[in-house]
Amino acid sequence: MPTITLPDGSKKSFDKPVSGKDVALSIGPGLAKAALGVKINGELKDLSTVIDHDVSLSIVTERDRQKVLDKDGLFLIRHSAAHVMAEAIQDVIGKEVQLAYGPPTDTGFFYDMFVPEGKKISSDQFDAINKRMAEIIKENREFTRYEIGGGDGLQKLKDEGNKYKVDNAERAMGLPSSVYKGAKSAFADDGSKKADANAKLSFYANGTPGKNWEDLCRGPHVPSTGRIGAAIVTSLASSYWHGDENSDRLIRVYGTAFPTQAELDEYLKQKEEASKRDHRVIGKHLRLFHIDEDVGQGLILWTPRGSIVRKELQNFISAELKKQGYTEVFTPHIGRLELYKTSGHFPYYKDSQFAPIVERQALEELSKAGCSCAEMMNRVEGVSARLAAGINERTKAQTIAPDRIMADDKLVEGFMLKPMNCPHHAKIFGSSPHSYRDMPVRLAEFGTVYRWEQSGELNGLTRVRGFTQDDAHLFCTEEQIPGEIQGCLSLVKTIFNVLGMKDYRVRVGLRDPDSSKYTGSAESWDKAEAACIAAAQSLGVSFSKEPGEAAFYGPKIDFVVKDVIGREWQLGTVQVDYQMGNRFDLSYIGPDNKAHRPVVIHRAPFGSMERFCGVLIEHFAGAFPTWLSPEQVRVLPISDKTLDYGREVERSLRERGIRATLDESNERVQAKIKVAADEKIPYMLIVGPRDAENKAVSVRVRGVEKDLGAMPLTKFVDDIVSEIESKSAVLGVKP
RNA sequence: GCCACCGUAGCUCAGUGGUAGAGCACUCCCUUGGUAAGGGAGAGGUCAUGGGUUCAAGUCCCAUUGGUGGCUCCA
């Protein structure tokens, strides 16, 4: 006889097994009506689940008491909507479409499916699919669960001929897949599952089994299709079965669902808002940057306007760094391959670097010597003499004639575009002796680095192949680590605050205790990790510890910032490095008059100027605060008759360092206002004969429908100068 | 890198095998107008690039290149 413990601690006893629905009813009819499912001992289940023993239970509804959408409720709705979408697609496209895998996601759900030759899913069919989904939801059919055990379930799926479902079932039963031979698995093999060829498989019908559409599914689902509320298909993408590119190509159909149409509409509106903020669109519209295919993918050309934003931001960060005792350095964009062999970047990370730059003469000599491409590759990379000699590692067969084997010292020398600034900075540190009294040495550089990102990953300013890091390396003693990490975090705090990015969090990447891939002593690690955690705590924002996320050379802190519409962006990191001192044989003289290894902290808290500017463009939707605006003031004469006064105003502003321009176009002031508003200029100064007479300006502030009235030009100038100096994030002129 | 879709004027986009289009921007003319687009005229194109099919290609096919959305990756 089950006794059920509810979330508030109260208990209810029943004299016979009860369903979740019964429990909800026993609490209240309203709750029973709102119930979508239950959570039994923390596990999400169907509302119809029968309970015959003592459990703790909570009823899952669409919303919590504060009317906020409930995470579990949404999960049930979206998981169920995936089934409805799958049925709709099979109705619209055809039963030949084979379903593979359809889970809910953070923003909706998707269903991966195999579309056979001759059939096609395209966005043209979205209307038809949405219509069919709406019908199924309206029919309010019950989600009916049934189970088949003893291997019959698996046989049923085999008979139906959908290998993806057979694979899912075999995995659910803990059996090795008889159909999937790939190396990688998208499904977690938790290892705890015992293989059981007779295990029960569960199926869900969108209605009556045997009569309506059904699918192998672990569940759980909402009680009936009507409880989904509103669901649509949103987009198409492709994916691979088990994420394995050697495996079948599947079509991933994305959709989303909400309890009500109003919430779905709101979601769509938000998405539209987000796409309006797209930095690539705004960047083009406001002429901030340009990417040119002749220059190359992922390489940013900063136009004059965008350069101002970037430069202002850089000046701001730079000024804060000086306050913290950083010293600025400049280093070249390339370095010898030897350097990167020392640092370990080459050839270990060669897949994400631009190919080496080899002298023309050296190439010619190799070419004349009849060196094959493969040999050149080996020599450039300085691989072992054995490999250079062309011995196939597996077969031990000689692939290059012995007389063409070159000794290691003849390997080709070359240069590389720097993928990181640290090797250069390490060399600067190493170029002069250091006493513990000089430590820490903080070398900062807005250093441009180049990485070979995969072409499919490139995206506007946020994922590029050449970018400028707000980089610095802090060479310090072990004792100095906590203080230096604190300093990095306080810098981040200052800058985020000024930009109005109050909502951010940090992730502390710790080592995985089981692994031996890390360098440095356990004792050092403990200290450094403690320092990272303490620093994160003192920051006063939410942080998470992520074991196993550390770099092999030390723990790290990542910054994730939320913009005004709630999207998260990963920016920069702070990483403790015990390895670099060894690689570059760096040292300082301690109080004991002996040489010690410095620890290095890599820090690029904003990641790159490119990405950070991209995030800021979206954060501000192009409407930058005055201090960052490419154009701070536009002067709009009413007509040509006040052009001269307009010029005078423009000059007065420029003399005080304000970025001002004059609209000399032969247009009515209405048109000039429209254009300036489109370009998100913070201030418009409308000047006509009345203003000219009084040496005044009529001020119009971005985002405000009416002007603030006329004020003396000198007052406006003083006000805006102080606004710019204080970097105030809020626009407005004091009355 | 892989898959799907896409590339037409500076920008946003129409154009389903038969003479290359619109709006905005640009140039010139008229207009001198006090708060979110006054009026007119003009100029602007190797329809991403290269092949192919066809009497005929912006349109169909192939390759290349770039973009978008995903997948995979991100020291």
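For the C1' atoms, the distance from B:rC13 to B:rG58 is 14 Å, rounded to whole Å. Of the P atoms belonging to B:rA48 and B:rA14, the separation is 14 Å, rounded to the nearest Å. For B:rC60 and B:rC47, the P atoms lie 15 Å apart once the distance is rounded to whole Å. The same atom, C1', is picked in B:rA4 and in B:rC11; the two are 27 Å apart, to the nearest Å.
Here the straight-line distance linking atom CZ of A:Arg634 with atom CG of A:Asp663 works out to 6.0 Å at 0.5 Å rounding.
Aromatic pair A:His602/A:Tyr553: ring centres closer than 6.0 Å. Ring centroid separation for the pair A:Phe716 and A:Tyr683 comes in under the 6.0 Å cut-off.
One atom, NZ of A:Lys680, and another, C1' of B:rA36, lie 13 Å apart when rounded to the nearest Å. Summarising the geometry, the separation between CD on A:Gln469 and P on B:rA75 is reported as 12 Å, rounded to the nearest angstrom. What separates CZ of A:Arg690 from P of B:rG34 is a distance of 9 Å, to the nearest Å. At whole-Å resolution of the value, OH in A:Tyr254 and P in B:rG70 are 7 Å apart. The nearest whole Å value for the distance from the CG atom in A:Leu339 to the P atom in B:rA75 is 20 Å. Atom CZ in A:Phe114 sits about 13 Å away from atom P in B:rA4, given to the nearest Å. Between A:Gln297 atom CD and B:rG7 atom P there is a gap of 18 Å when expressed in whole angstrom units. Rounded to whole angstrom, the span from the CD atom of A:Gln670 across to the P atom of B:rG33 amounts to 12 Å.
A donor atom on one side chain and an acceptor atom on the other are found under 3.5 Å apart for A:Thr462 and A:Asn459.
When heavy atoms are screened at a 4.0 angstrom cut-off, A:Arg252 is found touching the sugar-phosphate backbone but no base atom. In this structure, A:Arg280 reaches the sugar-phosphate backbone alone: every heavy-atom distance under 4.0 Å involves primed, P, OP1 or OP2 atoms, never a base.
B:rU64 and B:rA48 make up a base pair, with Watson-Crick or G-U wobble contacts both under 3.5 Å. The nucleotide B:rG21 finds its pairing partner in B:rC13, both defining distances of the Watson-Crick or G-U wobble pair being shorter than 3.5 Å. Both distances falling under 3.5 Å, in either a Watson-Crick or a G-U wobble arrangement, occur for no nucleotide opposite B:rA43. The pairing partner recorded for B:rG69 is B:rC3, the criterion being a Watson-Crick or G-U wobble arrangement whose two distances lie under 3.5 angstrom.
The side chain of A:Ile638 has B:rG34 as its nearest neighbour among B:rG34, B:rG38, B:rC73. Listed nucleotides B:rA75, B:rG34, B:rC71 differ in distance to A:Asp691; the shortest reach to its side chain belongs to B:rG34.
Taking the charged nitrogens against the carboxylate oxygens, A:Lys163 and A:Asp167 have no contact shorter than 4.0 Å, which rules out a salt bridge.
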**OP:** Encode nucleotides 24-29 of chain B as B, S and - characters from 5' to 3', where the letter depends on protein heavy atoms closer than 4.0 Å: B to the base, S only to sugar-phosphate, - to neither.
**Re:** ------
